[in-house]
Amino acid sequence: MELEKLICSYRATIRETMVCIESNFKGIAFLSDDSCRLVGVMTDGDIRRLLINGCGMNDSVQKYMRREFVYATVNDDSKDIAKKFDSGIKIIPIVDETMKLVNYAEYNKNMHIALAQPHLTGNEYKYLIDAFLSTWISSTGKYVTQFEENFSKYCRAKYGVAVSNGTTALHLALTALGIGEGDEVIVPDITFAATINAVIYTGATPVIVDIEEDSWCIDPNEVEKALTLRTKAIIPVHIYGQPCDMGRICDIAKNNNLYVVEDCAEAHGAEWDGKKVGSFGTISCFSFFGNKVITTGEGGMCVTDSRELNDKMRILRDHGMSKERKYYHEAVGFNYRITNLQSAVGVAQIERIEDILEWRSKLEEKYRKAFLGREDIIIQRNDLPGRKKITWLVSILVEEGKRDRVLEQLKENGIDARSFFIPLSEMDIYKMYAKDCKKSKKISRMGINLPTTYEVSEKDVSNIVSLIESV
Ligand SMILES: *Cc1c(COP(=O)(O)O)cnc(C)c1O
């Protein structure tokens, strides 16, 4: 929510103040003078009591506003602010040295710093309510089409097929490509399990290969070594926002007649060689889960330049039902549809993706600066030739034996951080598919994802960094 929605002039009437409170849903208005300095606050409860006591709707709020109130300053960190919530207040204005309003803090049960959080401050609510009131709350409706068009355009792909989540996107893509029993599909050892699960669902055999030490992405040399006559596809995963070496991967695919299914679930907007991820794969798959770069709650999309694959995926997404003949099924399909409600949120998110990527990357720069000069803490590379990474979760490597102590230290201080994915090759249910993967094992044991939300302040960054350094 933008701060502006909480601010009302101290010259306003009671009625105007009520309109402000009514539209911000926060139950409070911050009253400011002409230079945006905070001079008072008024809550919806205050107004209710005033009206009961005979105050008029057109009376000036200045006369009745609370001139004494709890506030925080830009120099307070999240611990200082947490203390101020002890009095039971739910929302606290944040001001600079001159009492100018710069932000606000909202009470959160555990007062901790979250790893990830959706950022829904644009038209998300408006479009969602619009979709809801239209009664088109299921999988038909204008927002589904709009979301598909706008997102595929953003990826510079011709077609987009929106689905229920990122995992179904991967499964739908592989199925549409005809991948199944007897085929092999190459995947990286470091990824979220959905990548390999989607391969297994099709009946094909996954082949797990090692990653590159600098990018943490699938190593094209290992892909080459793993090729057999049965290899049908490669799934490069742009891990933690870092694009894979799509030049090498597309060459290998071309020379060996393979499909490329990009797993872009963590890298919306990243670029290889000046081109957006999602524009390289035969089909490319995205996730819009709540912690991803942009979100629809749950959701996913397959993008492609192939009209034929687009048509095929649409049919498979909808129970394999013929487009021409209702209830005639051409294939054993799925119900992988997304809803109009989810898509409404998606349309608003894609409107703001550049802003979202910008605050994410600025936050990463703050961390990067804070770690500067420390050789025992390595932040994810942003200087690899050809690659323009985006920030999903800020990711660092610490000394091998110290990772778990760092995580413990952060947890004790209310900071939500996370270890890297466990390599697929280290899990009983997948290890029979794995080639020799040394680098992934090492990187995984050192890796930590740090809080990457809009709320993480400069002061929070320096606190987090000090806590890590203390270990
Ligand atoms: C999140 C994620 C997925 C799965 O997406 P869901 O929407 O959660 O099903 C797939 N691959 C990777 C690399 C992911 O991070």
Side-chain angles (χ1 to χ4, degrees), residues 115-118 147-148 151 155 160-175 185-202 206 208-209 211-212 215-218 233-244 246 249 260-270 277-278 280-281 283-303 313 317 334-339 342-343 345-346 349-350 360 380 389-395 418-425 427 430 440 443-444 447 449 452:
L115 182 78
Q117 219 172 2
F147 184 39
E148 291 180 334
F151 189 75
C155 300
V161 180
V163 292
S164 49
N165 59 62
T167 311
T168 53
L170 287 162
H171 184 218
L172 185 68
L174 295 170
T175 310
V185 178
I186 301 176
V187 301
D189 198 22
I190 299 274
T191 183
F192 181 59
T195 317
I196 190 169
N197 287 346
V199 175
I200 297 171
Y201 301 158
T202 67
I208 301 165
V209 303
I211 58 167
E212 296 174 322
S215 73
W216 314 336
C217 293
I218 193 166
I234 311 167
I235 311 185
V237 180
H238 309 300
I239 198 83
Y240 303 132
Q242 183 80 275
C244 299
M246 292 314 291
I249 290 163
V260 174
V261 176
E262 279 179 81
D263 184 338
C264 309
E266 304 178 0
H268 316 56
V277 300
F280 298 93
I283 302 175
S284 303
C285 302
F286 288 84
S287 164
F288 306 110
F289 181 65
N291 69 6
K292 300 293 159 99
V293 173
I294 60 170
T295 183
T296 58
E298 293 273 1
M301 200 177 300
C302 296
V303 303
M313 287 193 286
R317 176 180 67 174
F334 321 102
N335 176 355
Y336 281 174
R337 296 176 308 235
I338 194 169
T339 66
Q342 292 166 308
S343 302
V345 175
Q349 287 267 286
I350 187 74
R360 285 178 174 279
Q380 191 182 29
K389 76 181 284 293
I390 55 102
T391 304
W392 175 44
L393 297 174
V394 172
S395 305
R418 194 194 278 176
S419 55
F420 274 17
F421 296 126
I422 299 167
L424 298 173
S425 61
M427 292 183 262
Y430 303 125
S440 58
I443 300 283
S444 164
N449 301 125
T452 313

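Note that ligands are numbered from 1 as they come in the structure, with each ligand's atoms numbered from 1 the same way. Below, each value reflects all heavy atoms present in this structure, side chains not excepted, and no hydrogens, waters or symmetry copies.
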Close N or O approach (Ser287, ligand 1; < 3.5 Å): yes
Thr296 and Gln342: CA distance, side-chain angles, deciding distance, side-chain hydrogen bond (donor to acceptor under 3.5 Å, both in side chains) verdict: CA-CA 5 Å; Thr296 58; Gln342 292 166 308; 5.1 Å; no
Main-chain N/O of Lys292 paired to Thr295 side chain as donor or acceptor, under 3.5 Å: no
Distance from atom 9 (O) of ligand 1 to nearest protein heavy atom, with residue and atom: Thr167 OG1, 2.5 Å
Sub-6.0 Å ring centroid separation between Phe147 and Phe288: yes
Nearest protein heavy atom with distance in Å, relative to atom 1 (C) of ligand 1: Lys292 NZ, 1.5 Å
Nitrogen or oxygen atoms of Gly166 and ligand 1 under 3.5 Å apart: yes
Distance-minimising heavy-atom pair for Pro243 and Lys389: CD-CA, 3.7 Å
Whether Glu298 side chain and Ser164 backbone form a donor-acceptor pair below 3.5 Å: no
Numbered atoms and elements of ligand 1 in range of Thr195, under 4.0 angstrom, heavy atoms: 11 (N)
Minimum-distance protein heavy atom relative to atom 15 (O) of ligand 1: Glu266 OE2, 2.5 Å
Sequence-distant partners of Ser440, side-chain contact (heavy atoms from CB on, under 4.5 Å), two or more places apart: Asp189, Ile190, Asp210, Ile211, Pro423, Cys437
Backbone N/O of Gly278 and side chain of Ser284: donor-acceptor pair under 3.5 Å: yes
N or O pair under 3.5 Å between Glu298 and ligand 1: no
Parallel, tilted or perpendicular: rings of His268 and Phe286 (30°, 60°): tilted
Ile390 vs Arg360 side-chain heavy atoms within contact, under 4.5 Å: no
Nearest-contact summary for atom 11 (N) of ligand 1 - protein heavy atom, Å: Asp263 OD2, 2.8 Å
Where ligand 1 meets Phe192 - atom numbers and elements under 4.0 angstrom, heavy-atom basis: 2 (C), 3 (C), 12 (C), 14 (C), 15 (O)
Atoms of ligand 1, numbered as shown, that sit under 4.0 Å from any heavy atom of Val237: 13 (C)
For Thr191, the ligand 1 atoms whose distance to one of its heavy atoms is below 4.0 Å: 13 (C)
Atoms in ligand 1 with a heavy atom of Asn165 nearer than 4.0 Å: 7 (O), 9 (O)
Sub-4.0 Å atoms of ligand 1 with respect to non-hydrogen atoms of Ala265: 2 (C), 3 (C), 10 (C), 11 (N), 12 (C), 14 (C), 15 (O)
Ala194, Gly300, Ala267, Pro188: member with heavy atom nearest to atom 10 (C) of ligand 1: Ala194
